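In what follows, a single structure is set out as structure tokens and then discussed.
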2 protein chains.
Amino acid sequence: MALSLELITRTARSLLIQYGLQDVSMRRLAKELDVAPGALYYHVPSKQELLRTVAHEILTPLRTESGDALQLMLRFRELVLPLRDVGDLLLLAYALDASLPPAQLLPERLVTAGWPRDEARDTTAVVMRFALGAVATEQNQALLERPATATATATGQAPDAPQAMEAERIYLHGLQRLLIRPV
Amino acid sequence: MALSLELITRTARSLLIQYGLQDVSMRRLAKELDVAPGALYYHVPSKQELLRTVAHEILTPLRTESGDALQLMLRFRELVLPLRDVGDLLLLAYALDASLPPAQLLPERLVTAGWPRDEARDTTAVVMRFALGAVATEQNQALLERPATATATATGQAPDAPQAMEAERIYLHGLQRLLIRPV
DNA sequence: ACCTGAACACCGTTCAAGT
DNA sequence: ACCTGAACACCGTTCAAGT
């Protein structure tokens with residue numbers, strides 16, 4: 001009872017953060033909310049639409065980010081990386097609408113930095129594709145290396161330094177190459 | 001009867017080409033082969049492993065490609081794009097091993113073109129992430145725009161020109177930016 | 001208006017038992 | 001060695017019927 005769109009998306013989001021995308025099912029969500037699975041469909045048209053909404057919400061903090069294009073994209077990675085296996089979801093959400101938060105803001109930042117409008121638009125598309133591919137790759141690798149660590153990272157601090165650092169270096173390298181203003 | 005690893009992967013691949021990744025399930029595969037679902041697991045350890053093998057096979061034609069890095073990556077897109085919604089699969093296959101056919105060959109091509117070894121290695125990682133992100137985005141968009149066209153494209157020729165051309169332009173643009181040798 | 005119960009048409013994987 | 005039958009533990013979605 002007391003079900004609502006807002007409650008559903010909030011619960012979906014917390015499931016996503018705690019257990020990863022693979023554990024976000026409509027039935028699991030319904031169980032969490034103590035409700036029959038069908039009840040969700042009174043408030044939400046489909047799972048895909050629900051996840052698109054959640055993806056949007058997760059990325060909204062970027063809208064208040066004030067740095068330049070590079071800083072924006074670094075913040076994007078930081079925001080998304082902790083959400084295990086959410087990369088595929090973002091790929092889908094971006095395909096659904098290309099104005100997903102970082103993409104929405106990039107062109108103006110580039111124009112501010114002196115880019116021509118057309119170049120800024122194309123570069124945004126390129127950078128987004130790279131960033132989504134990079135994050136998805138990185139998350140998939142993390143998921144496949146330590147397969148079922150389940151819940152808490154009880155390993156204290158500084159857990160998976162080597163690959164994460166390598167991945168960060170590659171990410172930064174790609175961004176720098178793409179965000180250098182062409183002559 | 002007469003089941004084998006080779007027959008299974010071949011059938012999986014033909015299902016993938018005909019109906020897309022969403023229609024490749026172990027049960028569907030078993031039905032196609034006139035066999036109980038469990039029988040597949042005598043030859044294959046898991047669905048994930050099966051799909052990784054299929055992804056590898058699809059990309060092996062690239063190994064005999066003789067062009068430079070840019071031509072190699074253009075061929076990659078051509079090869080993969082007709083297989084609807086296979087982008088996510090490739091992202092996973094690449095995460096499982098980073099020597100997936102185009103990645104395997106890129107470093108030497110770059111070195112041949114005068115790149116330093118270290119730069120070539122990093123650039124390969126960057127280009128792969130971009131290409132995988134780009135293809136996945138493009139396929140997701142195609143899948144979401146005309147949702148259930150099902151089987152044959154009965155629309156004759158020259159079907160979806162506008163977005164496909166835009167996507168190709170962005171892909172090329174990104175590659176050119178990444179494959180220019182830095183000073 | 002909002003929700004339940006029950007169904008429909010599926011999944012991946014395991015495993016005793018058969019041949 | 002290779003496969004079947006049957007089960008386990010799930011899916012997303014729909015929809016009559018209840019309140």
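Every chain is numbered from 1 and lettered A, B, ... according to where its sequence line falls, protein lines coming before strand lines. All figures in this text were calculated on a predicted structure; none of them were measured in a lab.
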With a 4.5 Å cut-off on side-chain heavy-atom distances among I, L, V, M, F, W and Y, is there a chain of contacts connecting B/Val24 to B/Leu7? yes
Would A/Arg77 and A/Glu138 pass as an ion pair if we require N to O under 4.0 Å? yes
Quick one, which residues of residues 23-31 of chain B touch DNA chain D with a heavy atom under 4.0 Å? B/Arg27
Can you check the distance between D/dC11 and C/dC8, where both ends of the measurement are the C1' atom (answer in whole Å)? 12 Å
Could you measure between the two C1' atoms, the one in D/dC3 and the one in C/dA16, and give it in whole Å? 12 Å
In whole angstrom, what separates B/Lys47's NZ from D/dC10's P? 18 Å
For B/Tyr19, is the NZ or CZ atom of B/Arg84 found under 6.0 angstrom from the centre of its six-membered ring and inside 45 degrees of the ring axis? no
Of B/Ile17, B/Thr11, B/Thr9, B/Leu15, the residue whose pairing with B/Arg13 passes side chain to side chain contact (heavy atoms under 4.5 Å, CB included): B/Ile17
Can you measure A/Leu40 atom CG to C/dC2 atom P for me and round it to whole angstrom units? 14 Å
State the pairing partner of C/dT19; accept Watson-Crick or G-U wobble contacts with both distances under 3.5 Å, and report none otherwise. D/dA1
Looking only at side-chain N and O atoms, does A/His43 come under 4.0 Å of OP1 or OP2 in C/dC3? yes
Taking atom P of D/dG12 as reference, at what distance in whole Å does atom CD of A/Glu49 sit? 16 Å
Just the rounded figure in Å: distance from P of D/dC11 to CD of A/Glu32. 12 Å
Which heavy atom of A/Glu49 sits nearest to which heavy atom of A/Pro45, and what is that distance? CG-CG, 3.5 Å
Expressed in angstrom and rounded to an integer, what is the separation of B/Tyr42 atom OH from D/dC2 atom P? 4 Å
Can you pull every protein N or O that's under 3.5 Å from an N or O on nucleotides 15-17 of chain D?
none

Could you pull out all donor-acceptor pairs under 3.5 Å where a side-chain atom in residues 93-102 of chain B meets a protein atom, sequence neighbours excluded?
{"unit_1": "B/Tyr94", "atom_1": "OH", "unit_2": "B/Arg129", "atom_2": "NH1", "d": "3.3"}
{"unit_1": "B/Asp97", "atom_1": "OD1", "unit_2": "B/His56", "atom_2": "NE2", "d": "3.4"}
{"unit_1": "B/Asp97", "atom_1": "OD2", "unit_2": "B/His56", "atom_2": "NE2", "d": "3.4"}
{"unit_1": "B/Asp97", "atom_1": "OD2", "unit_2": "B/Ser99", "atom_2": "OG", "d": "2.8"}

Answer yes or no: does atom CZ of B/Arg117 have more than 12 heavy-atom neighbours from other residues, nucleotides or ligands under 6.0 Å? no
Take the protein atom CG of B/Leu5 and the nucleotide atom C1' of D/dC2, then report the distance between them rounded to whole Å. 14 Å
Tell which nucleotide pairs with D/dA6, taking only Watson-Crick or G-U wobble pairs whose two distances are both under 3.5 angstrom. C/dT14
Whole angstrom is fine here: how far is it from CG in A/Leu33 over to C1' in C/dC2? 14 Å
Side-chain heavy-atom pair B/Arg177, A/Thr123 within 4.5 angstrom cut-off: yes
Is there a donor-acceptor pair under 3.5 Å between the side chain of B/Glu119 and the backbone N or O of B/Leu110? no
Length of the CG-P vector between A/Leu21 and D/dG12, whole Å: 11 Å
